[in-house]
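Worksheet: one structure, shown below.
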Amino acid sequence: MLTLRLPDGSTRQVAGGTRPREVAEAIGKRLARDAVAAKVDGTVVDLDRELPEQGEVAFAVLTDKDADALAVLRHSCAHVMARAVLRLFPGAQLAFGPALANGFYYDIDSPTPIREEDFPRIEEEMRKIVAGAEPFERFERPTPEARALCQDMGQGYKIEHIDDDLKQYPTLSFYRQGEFIDLCRGPHIPHAGKIGAFKLVSIAGAYWKNDASRKQLQRLYGTAFFSQKDLDAYLHQVEEAKKRDHRVLGKQLKLFTISQMVGSGLILWMPKGATVRGILESFIKDELVKRGYQPVYTPHIGRLELYRTSGHFPYYRDAQFPPMWGHDFASIADLHLEQLFKWYNHPDRDSTLIDDAFFAMAQKYVSHFPFEKYRNATSWLAKAGLLKEWLHDLDSYLLKPMNCPHHIQIYKAEPRSYRDLPVRLAEFGTVYRSEQTGELSGMTRVRGFTQDDAHLFVTPEQIEAEVGANIDLVLFVLSSLGLSDYRVRIGLRDPASDKYADVGDPADWDKAEKTLLDLVAARGMNYTAEKGEAAFYGPKIDFVVRDCIGREWQLGTVQLDYNLPKRFDLEYIGKDNTAHKPVMIHRAPFGSMERFMGILIEHFAGAFPLWLAPEQARVCPVSEKFSDYGKKVEAELKPHGLRVSGDYRPEKIGYKIREAQLEKIPYMLVVGEKEQTAGTVSVRDRVDGDLGAMPVAELVARLEAEVREKRIRQVSTATTGLADDTARYAE
RNA sequence: GCUGCUGUAGCUCAAUGGUAGAGCGCGUCCUUGGUAAGGACGAGGUUUCGGGUUCAAGUCCCGACAGCAGCUCCA
């Protein structure tokens with residue numbers, strides 16, 4: 001006998017090996033009809049999976065009301081889509097096809113590429129399959145047989161998956177639906193007829209096993225719901241979310257622009273955007289003064305030697321703008337070195353061609369390069385080595401990819417005593433990174449950006465308090481702006497990755513990682529610890545938010561670093577009158593002004609709270625006759641530091657209101673005959689509408705209070721994910 | 001960087017291989033008004049750039065550049 005603990009708290013005795021379907025039938029006809037899957041001790045299973053023989057389990061029948069059921073439905077819909085594709089694209093091979101937070105995808109390798117034009121006929125085929133309402137039938141095979149079955153079906157990726165990841169299991173499960181069989185862990189809905197509505201969304205490339213060195217497959221995205229109504233609501237929500245896109249609003253509200261003449265990924269802040277940014281910067285600066293930071297300014301470039309010492313140059317070469325070599329030959333040699341590597345990856349290229357071009361250029365410029373040695377080198381590796389070595393002896397300047405090396409030099413500029421620590425050096429430091437073209441995105445991923453950066457040099461005893469204070473600072477900043485929809489990620493090193501191979505002592509890493517984990521745990525914060533997410537010099541705590549289409553972006557960050565102090569040989573004199581190594585904390589509560597602004601635009605849907613609004617109020621005279629009075633009101637508000645403008649065009653009041661409303665100006669000040677006579681203004685609130693007339697002094701008091709309190713009246717927190725990285729890998 | 005899609009007026013978008021259009025915005029004039037769009041007229045284009053096919057290219061082909069979506073990357 002098996003005891004089931006039902007969601008209502010009651011228990012029920014059933015025979016061992018009973019199926020959830022039978023339990024549902026026993027409970028009620030309607031439940032049996034609506035059942036989609038079941039949940040046993042937190043695990044979602046098919047309705048036909050046998051329950052344990054004995055003991056006691058938590059048991060629930062899942063219907064279309066449960067989020068878990070929706071995920072099952074979507075995974076099943078992925079199978080339906082794959083089945084349709086196999087019918088229409090013979091020879092197509094299937095890779096992975098999981099459910100996502102808002103839909104599903106299936107990675108497919110088809111001999112004839114699938115195009116968006118094919119969506120209607122794939123959907124048509126899917127409709128037929130759904131109408132057929134055939135059941136999803138689970139069966140298991142011993143792993144060698146399972147492999148053979150995949151071979152029979154010509155599904156090479158499934159075989160590779162078995163060989164790579166599933167060999168340790170004695171048996172593997174498949175799901176059959178009509179002629180379609182797929183290696184799959186499940187669970188699935190009882191039959192395809194449960195899929196009430198679905199839609200293919202997009203198609204994109206995706207690498208097999210997420211590895212850029214492997215074959216690129218086609219990833220078909222779709223979504224599915226229990227009803228057409230839910231699908232329509234979702235699509236509507238997606239459309240609404242897109243209206244908040246900072247790239248759209250940034251243009252509409254004249255906050256920023258990007259010019260191809262300046263370059264892609266380089267943000268030009270327009271006056272209104274710059275106003276918001278300026279206020280945010282002042283806000284942070286005020287906090288930093290209170291928290292014992294000292295301002296510094298450092299230049300935008302630095303010697304290559306600086307970044308060789310810090311490790312940035314060797315580690316992130318690809319992501320940096322090339323060094324400004326002091327010697328023309330160096331840039332040629334640098335380019336040549338790159339070509340050598342390319343040539344190595346494409347052995348069909350003729351290396352003598354590169355060499356000839358190289359020599360022709362090189363001999364014009366330089367005599368102290370070991371030409372003979374280079375010519376006689378027998379392997380590409382030897383050539384690359386010579387070039388590298390020679391280049392390494394040359395100095396140059398680099399656009400700074402990070403601020404820390406500069407700040408470190410300020411620390412080093414004077415002898416430090418333990419009495420001076422912690423030293424907290426802060427700067428809105430602008431950095432440049434040559435991000436891959438495919439990565440650039442509005443303000444959220446750019447090539448030049450300003451970090452609200454600071455570096456803290458502390459004694460080991462101070463780490464806990466200082467990291468803790470910085471976590472608090474980030475939380476304070478986020479809450480000041482009403483940003484509550486974020487997650488906390490602790491980035492740890494991945495010992496298997498060579499990214500961390502040469503930097504730092506494993507003991508220091510362990511110590512640093514433990515410190516961060518302990519601090520966050522002590523605060524009771526929810527977090528995920530992710531391997532391989534650490535910076536190359538140390539672990540970090542990141543605050544991650546989502547944009548309007550569901551992509552995740554790191555904003556605030558606090559990073560602990562034992563390594564750069566060693567690389568730069570930093571020290572302070574301790575109580576014992578001997579030199580000690582300080583520990584560094586890198587931190588940026590906003591992250592970058594650009595990215596933060598982009599997220600903030602979406603967060604407020606462009607309707608900034610009064611304290612941030614680039615234009616706080618606009619005077620709108622009812623007719624030109626009252627322009628003079630309007631200008632008088634404007635002049636009375638400005639000395640209070642209020643950002644006020646006036647609309648004195650010969651337009652009707654309705655038109656002026658509409659424009660101000662679309663520009664998301666918090667207050668519209670209507671003045672006409674009545675106001676002029678009474679010496680008042682009629683106040684229209686962006687959110688609440690007409691507030692009636694009031695004296696100017698009352699208006700000033702009202703606005704000043706709202707600014708002082710940094711009052712937030714409207715936010716748009718609902719994010720709609722078209723994409724989601726919490727994919728459930730149910731193969 | 002990879003795969004796919006896209007690139008037409010300041011913005012959003014039309015235009016079967018045959019004279020490039022609309023709405024909004026902009027300018028001028030009329031209108032002087034009471035809380036989300038008054039009216040008239042007008043200016044505005046090397047259809048991203050470079051090649052090619054064709055009697056003829058915004059339209060078809062190739063390449064570059066840029067944007068979008070996804071993948072990879074992200075100090």
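Small disclaimer: the values here were computed from a predicted structure and weren't measured. Note on naming: letters A, B, ... go to the chains in the order of the sequence lines (proteins, then strands), and numbering restarts at 1 for each one.
- Q218(A) contributes no side-chain N or O that forms a donor-acceptor pair with the base of rU3(B) under 3.5 Å.
- Between rC60(B) and rA15(B), the distance separating the two P atoms is 12 Å to the nearest Å.
- Note on G672(A): a base of the nucleic acid sits closer than 4.0 angstrom, heavy atoms only.
- Whole-Å rounding puts the Y655(A) OH to rU31(B) C1' distance at 15 Å.
- At the heavy-atom level, S682(A) lies under 4.0 Å from base atoms of the strands shown.
- Among the heavy atoms of the strands lying under 4.0 Å from A535(A) are primed sugar atoms or P, OP1, OP2 only; no base atom is included.
- Salt bridge status for R487(A) with D542(A): absent, with no side-chain N to carboxylate O gap under 4.0 Å.
- Residue-to-nucleotide contacts include a donor-acceptor pair under 3.5 Å from the side chain of R445(A) to the base of rC73(B).
- Residue contacts shown for R686(A) are absent, as no nucleic acid heavy atom lies under 4.0 Å away.
- We find that K209(A) and D164(A) are joined by a salt bridge, their nearest charged nitrogen and carboxylate oxygen being less than 4.0 Å apart.
- Counting non-hydrogen atoms under 4.0 angstrom, E116(A) reaches nothing in the nucleic acid.
- Using a 4.0 Å heavy-atom distance criterion, L662(A) is classed as a base contact.
- A donor-acceptor contact closer than 3.5 angstrom links the side chains of W208(A) and E160(A).
- The CG atom of D318(A) sits 14 Å away from the P atom of rC2(B) (whole-angstrom rounding).
- To the nearest angstrom, P of rC11(B) lies 16 Å from CZ of R247(A).
- Rounded to an integer number of Å, the gap from CG of D647(A) to P of rA36(B) is 15 Å.
- Between the side chain of Y207(A) and the base of rG1(B), a donor-acceptor pair under 3.5 Å is found.
- Residue E675(A) contributes atom CD, which lies 11 Å from atom C1' of rU35(B) at whole-angstrom precision.
- Per the stacking criterion (ring centres < 5.5 Å, plane angle < 30°), Y316(A) stacks onto the base of rA75(B).
- In this structure, H406(A) and Y307(A) have tilted ring planes: the angle between them lies in the 30° to 60° band.
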